[in-house]
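Residue numbers run from 1 in the order of the sequence given. On a predicted model such as this, the values are computed, not experimentally measured, just so you know.
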Amino acid sequence: MYTPDPDRYADMPYRRTGRSGLKLPALSLGLWHNFGPDRLAETQRAILCRAFDLGVTHFDLANNYGPPPGAAESALGDALKADFTHHRDELIVSTKAGYLMWPGPYGEWGSRKYLLSSLDQSLGRLGLDYVDIFYSHRPDPETPLEETMGALHSAVQQGKALYVGVSNYSAEQTREAARILAELGTPLLIHQPRYSMLDRRPEDEGLLDTLDELRVGSIAYSPLEQGLLTGRYLDGIPEDSRAASDSPFLSADTVTEELVGRLRTLNEIAASRGQSLAQLALAWVLRGGRVTSALIGASSPRQLEDSVAAIGNLEFGEDELARIDAVVKQ
């Protein structure tokens with residue numbers, strides 16, 4: 001039987017989420033990949049337990065994570081029952097709904113019908129009475145935002161979620177979502193955007209400024225840019241890498257000689273800080289405390305440990321930031 005490390009809260013920083021009372025670990029574990037039936041259940045449980053031992057108290061999911069869709073929630077549900085029965089109140093479990101889950105007109109997007117049905121299914125797979133955070137995974141161009149936000153509000157009113165968030169919303173959409181939720185009496189807790197050294201859209205499009213103004217938290221997904229910022233591509237494309245597969249998230253065409261050159265320079269900057277490239281990338285996202293938490297994935301406990309070690313150096317000098325910008329924006 002799993003016994004958590006008694007010193008699990010000694011090193012991980014916990015950051016207040018916006019103006020709420022909720023604190024999240026600086027690094028949260030995302031179950032987007034590596035938690036489907038093609039992975040050993042023992043490995044999945046080992047990753048989750050090691051994360052908790054390192055102070056990673058937040059497990060982030062969506063209804064469609066796997067593959068196949070639903071598999072990640074089922075895997076976490078099994079682990080919660082086996083290893084975390086007595087530690088539910090130490091965990092933040094989040095899930096989302098917005099992408100395709102079942103056929104027909106009610107199986108995706110942002111209708112009240114879909115969101116609340118999906119949440120019920122997610123709770124069944126997780127074996128939980130509630131999730132801590134429930135997200136609208138993407139804006140729906142056809143459903144009124146009042147309906148989508150009303151469904152999130154209902155999830156809280158029904159006791160099936162403690163907080164609500166949005167993901168992949170623009171700055172303007174986030175502002176309107178926050179206004180609607182405030183009028184309903186359920187504050188917008190958090191936004192989950194894609195953000196990394198190589199993807200600056202939350203900065204460039206004003207999203208981070210909007211979140212600061214609204215005092216809404218943020219949690220960045222893909223901070224390692226689908227593995228590009230892990231160091232795996234410093235010598236080209238490995239045969240067993242995501243870019244060498246048929247992954248829709250990273251293609252071989254993306255990994256150009258020019259990009260590899262920039263990654264090597266970033267790796268040199270990381271080495272000068274005593275960090276791996278992945279640790280540098282995570283520290284950069286978390287710099288200055290503007291981002292509440294960064295989502296990391298892991299295929300093994302060892303990979304998880306390497307990522308978590310990023311918290312050992314989250315400070316940057318102005319010269320370091322300028323060097324990074326010069327490489328990325330060239």
Side-chain angles (χ1 to χ4, degrees), residues 11-13 25-30 32-34 47 50-51 54 56 193-204 208 218-245 247 249-291 293-330:
D11 298 319
M12 177 63 67
L27 295 172
S28 299
L29 180 63
W32 185 9
H33 303 294
N34 303 316
I47 293 169
R50 186 61 182 139
L54 293 171
V56 177
R194 179 168 179 158
Y195 183 45
S196 74
M197 286 196 295
L198 299 180
D199 188 344
R200 306 289 186 92
R201 284 175 294 175
E203 294 178 13
D204 299 337
L208 293 184
S218 58
I219 179 167
Y221 76 87
S222 293
L224 301 181
E225 202 60 33
Q226 293 297 310
L228 286 176
L229 292 170
T230 62
R232 293 205 70 197
Y233 297 90
L234 296 176
D235 296 311
I237 303 175
E239 292 183 0
D240 61 344
S241 67
R242 190 167 296 163
S245 71
S247 171
F249 304 108
L250 182 64
S251 68
D253 294 340
T254 304
V255 189
T256 63
E257 289 186 10
E258 187 271 338
L259 175 60
V260 170
R262 286 194 287 159
L263 295 177
R264 289 172 177 165
T265 303
L266 289 173
N267 189 55
E268 292 172 1
I269 297 173
S272 71
R273 290 168 49 86
Q275 292 182 314
S276 67
L277 178 55
Q279 290 164 357
L280 171 72
L282 293 169
W284 183 90
V285 166
L286 293 168
R287 72 197 187 286
R290 198 175 191 190
V291 169
S293 185
L295 280 167
I296 55 174
S299 59
S300 68
R302 182 175 179 179
Q303 187 181 62
L304 176 80
E305 291 167 356
D306 181 76
S307 293
V308 172
I311 64 174
N313 185 6
L314 299 180
E315 301 300 322
F316 286 84
E318 291 299 323
D319 59 328
E320 290 178 313
L321 293 175
R323 289 175 63 197
I324 292 170
D325 285 349
V327 173
V328 172
K329 296 181 178 181
Q330 66 184 12

Checklist line | Salt bridge flag under 4.0 Å for residues Glu315 and Arg287 | finding: no
Note to self: Between Asn313 and Gln275, is there a side-chain donor-acceptor contact under 3.5 Å, judged purely by atom types and distance?
What the structure shows: no
Margin query: Check this for me: does any side-chain nitrogen of one of Arg262 and Glu258 sit under 4.0 Å from a carboxylate oxygen of the other?
Written below: yes
Check: Taking the side chain as C-beta and beyond, is there a heavy-atom pair between Leu282 and Ile296 under 4.5 Å?
Finding: yes
Note to self: Under 6.0 Å from the ring centre and within 45 degrees of the ring axis: does the NZ or CZ of Arg273 meet both conditions for the six-membered ring of Phe316?
What the structure shows: yes
Check: Which heavy atom in Ser276 sits nearest to a heavy atom in Ala270, and how many Å separate them?
Finding: O-CB, 3.5 Å
Note to self: So Arg264 and Val260, do their side chains get closer than 4.5 Å, heavy atoms only?
What the structure shows: yes
Checklist line | Close side-chain approach of Glu225 and Arg194, heavy atoms under 4.5 Å | finding: yes
Check: In chain order, what residues pass the side-chain contact (heavy atoms from CB on, under 4.5 Å) check against Arg200, with sequence neighbours excluded?
Finding: Glu203, Asp204, Trp284, Ile324, Asp325, Val328, Lys329
Checklist line | Pair Ser222-Ser196, side-chain donor/acceptor within less than 3.5 Å | finding: no
Item checked: Distance (rounded to the nearest 0.5 Å) between Arg323 CZ and Leu266 CG -> 9.5 Å
Check: Which heavy atom of Ala294 sits nearest a heavy atom of Leu286, and at what distance?
Finding: N-CD2, 3.9 Å
Checklist line | Close side-chain approach of Val308 and Asp11, heavy atoms under 4.5 Å | finding: no
Notebook entry, point to check: Are side-chain heavy atoms of Tyr195 and Ile219 found at a separation under 4.5 Å?
Noted result: no
Item checked: Side-chain donor or acceptor of Thr265 paired with backbone N/O of Val327 under 3.5 Å -> no
Notebook entry, point to check: If you take all heavy atoms of Leu229 and Met197, which pair is closest and at what distance?
Noted result: CD2-CE, 4.0 Å
Margin query: side-chain contact (heavy atoms from CB on, under 4.5 Å) for Thr230 and Leu277? Distances and angles first, verdict last.
Written below: CA-CA 6 Å; Thr230 62; Leu277 178 55; over 6 Å; no
Checklist line | Beyond-backbone contact of Leu54 with Arg50, side-chain heavy atoms, under 4.5 angstrom | finding: yes
Notebook entry, point to check: If you look at every heavy atom in Ser299 and Asn34, which pair is closest and at what distance?
Noted result: N-ND2, 3.7 Å
